[in-house]
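Sequence positions, counted from 1, serve as the residue numbers for this chain.
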Amino acid sequence: MNSALSDAKNLISDLMSRYRHQVDYLAIRLEAAEGTDILLRGHKIETLSEGISIGGQVRACYKGGWGFSSFNQLSSLKERVEDAIAAAKLVGIDETILAPVAPIQDDRALRLTGSDPRQISLAQKKSLCQHYGEILRSVDPRIATISVRYGDSAQKIILATSDGSMIEQSWVDLEMRFAATARDGETVQTGRETVGSRKAYEDLLGLDRQVEEAAQRAVNSLALPPVKGGAYTVVIDPILSGLFVHEAFGHLSEADMAYENPDILEVMSLGRRFGSPELQIYDGAAIEGHRGSYFYDDEGVPATTTQLIKDGVLVGRLHSRETAGKLEEAPTGNARCLNYHYPPIVRMTNTWIERGKTPVKDLFQNIQEGVYARNWIGGMTNGEMFTFTAGEAWMIRNGEVAEPVRDVTLSGNAFKTLADIEAIGDDFFWDESGGCGKGGQSGLAVGCGGPSLRIRDVVVGGEAIDD
């Protein structure tokens with residue numbers, strides 16, 4: 001795989017020299033990938049595959065118009081370059097505005113801390129899935145369906161740009177997803193867990209207790225009363241905090257949404273206060289060891305750490321070179337594509353709320369009636385509105401965690417919810433289970449993190465109960 005890409009560098013350099021002056025910007029990105037995909041559903045292995053792919057993409061910009069072409073055969077690269085240039089010239093009628101970046105010559109790899117999954121046999125990976133599947137099934141006879149999904153991928157990228165950059169970078173990504181659905185009559189409950197890593201195959205081993213707990217949550221929820229719907233003061237755990245900051249706020253920080261939508265640009269105006277002075281929110285691929293970490297984005301911009309909210313005030317946005325140029329801001333290294341079939345768009349990397357100073361036990365103080373929610377099993381966002389379903393939840397009564405409840409959904413407006421954060425816990429957890437979707441590119445690896453939060457006036461959906 002590596003030799004095939006290395007042999008292509010001379011061809012890329014020749015084509016770049018020949019065509020770079022015909023457009024305002026030209027980028028050629030080659031990608032070699034190999035990976036494994038296994039899906040166990042019930043007792044049956046439905047998917048068991050290993051694959052290798054080599055392909056690439058060409059992006060050209062001329063008078064503000066973009067042309068894009070992807071390919072699977074290196075022999076067609078010259079034609080694909082010409083296709084992208086022709087498309088850009090066909091639609092370009094304005095001005096190309098890209099934030100400047102210095103040319104880079106570099107070859108980097110995200111180093112593993114343990115075993116490379118490419119050195120683990122397919123039989124071992126299959127056996128691991130079956131082991132976890134057996135744990136899910138064995139928890140209780142009321143477990144109706146289970147699924148285990150294993151995936152690993154190794155990618156090596158070569159990116160050449162008309163700015164003079166020639167960058168090689170590579171990484172390995174791993175993920176496992178577990179789900180168990182329990183049924184008792186017409187009552188159905190599901191428990192889920194996801195584990196991801198860019199460090200080592202060993203990070204997917206020894207998860208027996210975590211897998212068992214996912215199935216046990218589904219079983220336990222069958223007998224729980226549904227929460228009474230209403231507005232509550234809610235305490236959420238770090239996993240839900242990470243999901244919230246990614247889904248409800250992070251996407252609004254992606255600058256392509258802002259410059260394409262004047263209403264969002266007005267709402268997301270720099271200098272606007274969104275929360276208390278204790279609130280700090282960041283995104284960045286420069287921090288090491290997380291699933292959203294890398295050295296350069298897919299435009300060759302070095303990874304950074306961007307503070308989005310400082311002391312409760314919006315101070316930053318996430319950018320591609322184009323959005324940074326159009327908004328006259330610095331590029332942040334957030335242009336990413338899922339693979340060579342798609343052009344880079346503005347995407348989050350690792351997004352987190354910084355830990356606060358309130359001891360976690362104090363978050364519950366003086367809450368007469370509230371909800372404590374942990375983990376998640378689903379959710380959706382629509383602009384600034386969000387709805388998340390908690391993986392497990394309890395009522396809070398008189399400042400203490402009380403009886404467990406089920407069917408807890410949390411919904412609201414992202415901006416109002418940020419303003420309604422009453423206290424930020426002194427704990428913190430990184431969730432490496434994220435697979436982000438945007439613009440038809442689903443499953444892009446990201447990291448999310450945060451502390452426990454206490455938030456007032458959260459709308460909690462559940463069963464309507466007459467007093």
Report task. Decide yes or no on side-chain contact (heavy atoms from CB on, under 4.5 Å) for Tyr25 and Tyr62, but give the supporting numbers first. Result -> CA-CA 7 Å; Tyr25 174 78; Tyr62 179 76; over 6 Å; no
Treating [X] as the side-chain partner and [Y] as the backbone partner, does any N or O pair qualify as donor plus acceptor under 3.5 Å?
{"X": "Glu422", "Y": "Ile455", "result": "no"}
{"X": "Asn350", "Y": "Gly292", "result": "yes"}
{"X": "Thr233", "Y": "Arg456", "result": "no"}
{"X": "Ser442", "Y": "Gly437", "result": "no"}
{"X": "Arg272", "Y": "Val267", "result": "yes"}
{"X": "Gln189", "Y": "Ala182", "result": "no"}
{"X": "Glu175", "Y": "Ser197", "result": "no"}
{"X": "Ser221", "Y": "Arg217", "result": "yes"}
{"X": "Glu322", "Y": "His319", "result": "no"}
{"X": "Ser452", "Y": "Asp237", "result": "no"}

Taking NZ, NE, NH1 and NH2 as the nitrogens, is one of them in [X] or [Y] under 4.0 Å from a carboxylate oxygen of the other?
{"X": "Glu168", "Y": "Lys156", "result": "yes"}
{"X": "Glu432", "Y": "Arg291", "result": "no"}
{"X": "Arg321", "Y": "Asp163", "result": "yes"}
{"X": "Glu384", "Y": "Lys416", "result": "no"}
{"X": "Lys63", "Y": "Glu95", "result": "no"}
{"X": "Lys357", "Y": "Glu278", "result": "no"}
{"X": "Asp37", "Y": "Arg149", "result": "yes"}

Query raised in the report: Which of these, Arg192, Glu392, Glu193, sits in a side chain to side chain donor-acceptor pair (under 3.5 Å) with Asn375?
Result: Glu193
Smallest separation among heavy atoms of [X] and [Y], with atom names:
{"X": "Val405", "Y": "Leu224", "value": "O-CD1, 3.8 Å"}
{"X": "Val139", "Y": "Ala215", "value": "CG2-CB, 3.6 Å"}
{"X": "Arg29", "Y": "Ile157", "value": "NH2-CD1, 3.3 Å"}
{"X": "Ala180", "Y": "Ala218", "value": "O-CB, 3.5 Å"}
{"X": "Thr387", "Y": "Thr409", "value": "CG2-CB, 4.3 Å"}
{"X": "Ser293", "Y": "Ile287", "value": "OG-O, 2.6 Å"}

Query - Six-ring centre of Phe68, Arg59 cation under 6.0 angstrom, axis tolerance 45° - result: no
Query raised in the report: Checking Lys125 against Tyr150: charged group under 6.0 Å from the ring centre and within 45 degrees of the axis?
Result: no
Within a reach of under 6.0 Å around [atom1] of [X], are more than 12 heavy atoms found that belong to other residues, nucleotides or ligands?
{"X": "Gln105", "atom1": "CD", "result": "yes"}
{"X": "Glu400", "atom1": "CD", "result": "no"}
{"X": "Arg111", "atom1": "CZ", "result": "no"}

Distance, nearest 0.5 Å, that separates [atom1] of [X] from [atom2] of [Y]:
{"X": "Ile353", "Y": "Phe244", "atom1": "CD1", "atom2": "CZ", "value": "6.5 Å"}
{"X": "Leu159", "Y": "Leu30", "atom1": "CG", "atom2": "CG", "value": "9.5 Å"}
{"X": "His290", "Y": "Thr351", "atom1": "NE2", "atom2": "OG1", "value": "11.5 Å"}
{"X": "His246", "Y": "Thr349", "atom1": "NE2", "atom2": "OG1", "value": "10.0 Å"}

Are [X] and [Y] close enough that some pair of their side-chain heavy atoms sits under 4.5 Å apart?
{"X": "Thr36", "Y": "Pro117", "result": "no"}
{"X": "Leu252", "Y": "Phe415", "result": "yes"}
{"X": "Ile345", "Y": "Gln441", "result": "yes"}
{"X": "Tyr372", "Y": "Ile396", "result": "yes"}
{"X": "Asp152", "Y": "Asp173", "result": "no"}
{"X": "Arg355", "Y": "Ile424", "result": "no"}
{"X": "Val211", "Y": "Asp208", "result": "no"}
{"X": "Leu279", "Y": "Ile421", "result": "yes"}

Requested in this report: Indicate whether the side chain of Glu403 and that of Trp394 have a donor and an acceptor atom separated by less than 3.5 Å.
Outcome: no
Query raised in the report: Going by atom types only, do Thr181 and Thr190 share a side-chain donor-acceptor pair under 3.5 Å?
Result: yes
**Report entry** Sequence-distant partners of Phe249, ring pair (Phe, Tyr, Trp, His ring centres under 6.0 Å), two or more places apart
**Finding:** none
Query raised in the report: How far apart are the C-alpha atoms of Val23 and Thr96, what are their side-chain angles, what is the distance that settles it, and do they pass the side-chain contact (heavy atoms from CB on, under 4.5 Å) test?
Result: CA-CA 10 Å; Val23 288; Thr96 297; over 6 Å; no
Query raised in the report: Under the side chain to side chain donor-acceptor pair (under 3.5 Å) criterion, do Asp311 and Gln280 qualify, and how do the steps go?
Result: CA-CA 6 Å; Asp311 302 335; Gln280 321 290 335; 2.8 Å; yes
Report task. Classify the angle between the aromatic ring planes of Phe388 and Phe386 as parallel (below 30°), tilted (30 to 60°) or perpendicular (above 60°). Result -> parallel
Report task. Test side-chain contact (heavy atoms from CB on, under 4.5 Å) on Leu128 and Tyr201 and set out the steps. Result -> CA-CA 11 Å; Leu128 182 64; Tyr201 179 76; 3.6 Å; yes
Query - side chain to side chain donor-acceptor pair (under 3.5 Å) between Asp283 and Asn334, intermediate numbers included - result: CA-CA 9 Å; Asp283 179 275; Asn334 284 84; 3.1 Å; yes
Report task. Report the residues that fulfil salt bridge (charged side-chain N to carboxylate O under 4.0 Å, His left out) with Lys438, sequence neighbours left out, ordered by chain and then residue number. Result -> Glu254, Asp256
Report task. Go through Ser433 and Asp431 one step at a time and tell me if the side chain to side chain donor-acceptor pair (under 3.5 Å) criterion holds. Result -> CA-CA 6 Å; Ser433 67; Asp431 182 7; 2.7 Å; yes
Query raised in the report: Do Tyr296 and Tyr294 have ring centres separated by under 6.0 Å?
Result: no
Report task. Please test Glu202 against Ser115 for side chain to side chain donor-acceptor pair (under 3.5 Å), starting from the C-alpha separation and ending with a verdict. Result -> CA-CA 7 Å; Glu202 284 80 5; Ser115 298; 2.5 Å; yes
Query raised in the report: What do the steps show when you test Leu318 against Leu308 for side-chain contact (heavy atoms from CB on, under 4.5 Å), and what is the final call?
Result: CA-CA 8 Å; Leu318 306 179; Leu308 303 175; 3.7 Å; yes
